[in-house]
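One structure is given here, and the rest of the page talks about it.
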Amino acid sequence: MLDINQKKLFIFDMDGTIYLDNMIFERALDLFSLIRKKGADYVFLTNNSSKSRKDYLNKLNFMGVDVDLENIFSSTLMTIHYLKQHYPDKLFFVLGTNAMVEEMKEAGLNVLTNYNESVDAVVIGYDTELNYQKLVDASKLINLNKPYIATHPDLVCPVKDGYVPDCGALIELFFAATKRRPTIIGKPHPRNIEFILQNMQISKENAVVIGDRLYTDIKMGIDANLDTILVLSGETKKEDLKSASIKPTLVIDHISKLYQMLKI
Ligand SMILES: [Mg+2]
């Protein structure tokens, strides 16, 4: 039985979980301050690599969320960590937004955004600034059998009036063109949880994952042996749960419910 009041770290997804577009959900701010009042803490983990962690910090602070850069985790941050571990001092071709490229450069990685035969690996993200030349350059390098890495697998990104193609859709495009699939870094891989727990010095039993997607947020939590809470305020609908093989520890309609469940 999940005892939410025993938890020391709450790992929140962002889009569809704590806000939609620029609208923070009701009771979210109260929930965050209650968590801190209880002596626990919270972090945010997003797969969306189109924006930098600083962009998320600004967005969250603007919404009134009390958070520091150290409490924001992203698939770009995880990719940087992965590349430094597996390909130290190598040269990377990156298909991604300017924000993603800059974040990688600031972290000390050697990054190119144009075709160059001497690059050691290809990295793709959620590129909302995509053009055809980038597709050409990436395809040529993937075809040269360079190590190929993608920040996250999400096929679509939710927006106010529907869905738009995300990094996972690009993975499918490149598969059609090159017959290769990348190593995927972000959610649902449990490495994201291990990284956060290590950074925050928290054990698995004391942490919980809260998200709106079964096949990324919840699957990651289950694979990392954490308790998981699915919120129905985003992508997953109640009827999806019946046929799903991924079973969260708890399902709630909205994070305001979590606020009600927490006791001082
Ligand atoms: Mg989400």
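One-based numbering along the sequence shown. Numbering of ligands and ligand atoms starts at 1, following listing order.
For the Mg ion (ligand 1), the N/O/S atoms of D217 include none lying under 2.8 Å. Distances from the Mg ion (ligand 1) show that E235 has no N/O/S atom below 2.8 Å.
K105 and N110 share no side-chain donor-acceptor pair at under 3.5 Å. A donor and an acceptor atom, one from each side chain of T46 and N48, are nowhere located under 3.5 Å apart.
You'll find the ring centres of F44 and F32 inside the 6.0 Å limit.
Looking at D13, its N, O or S atom nearest to the Mg ion (ligand 1) turns out to be OD2. Of all N, O or S atoms in D15, the one lying closest to the Mg ion (ligand 1) is O. Nearest to the Mg ion (ligand 1), among the N, O or S atoms that D212 has, is OD1.
Linking ILVMFWY residues whenever their side-chain heavy atoms come closer than 4.5 Å, directly or via other members, places L2 and F10 in the same cluster.
Aromatic ring orientation, Y42 versus F12: perpendicular (interplanar angle above 60°, classes split at 30° and 60°).
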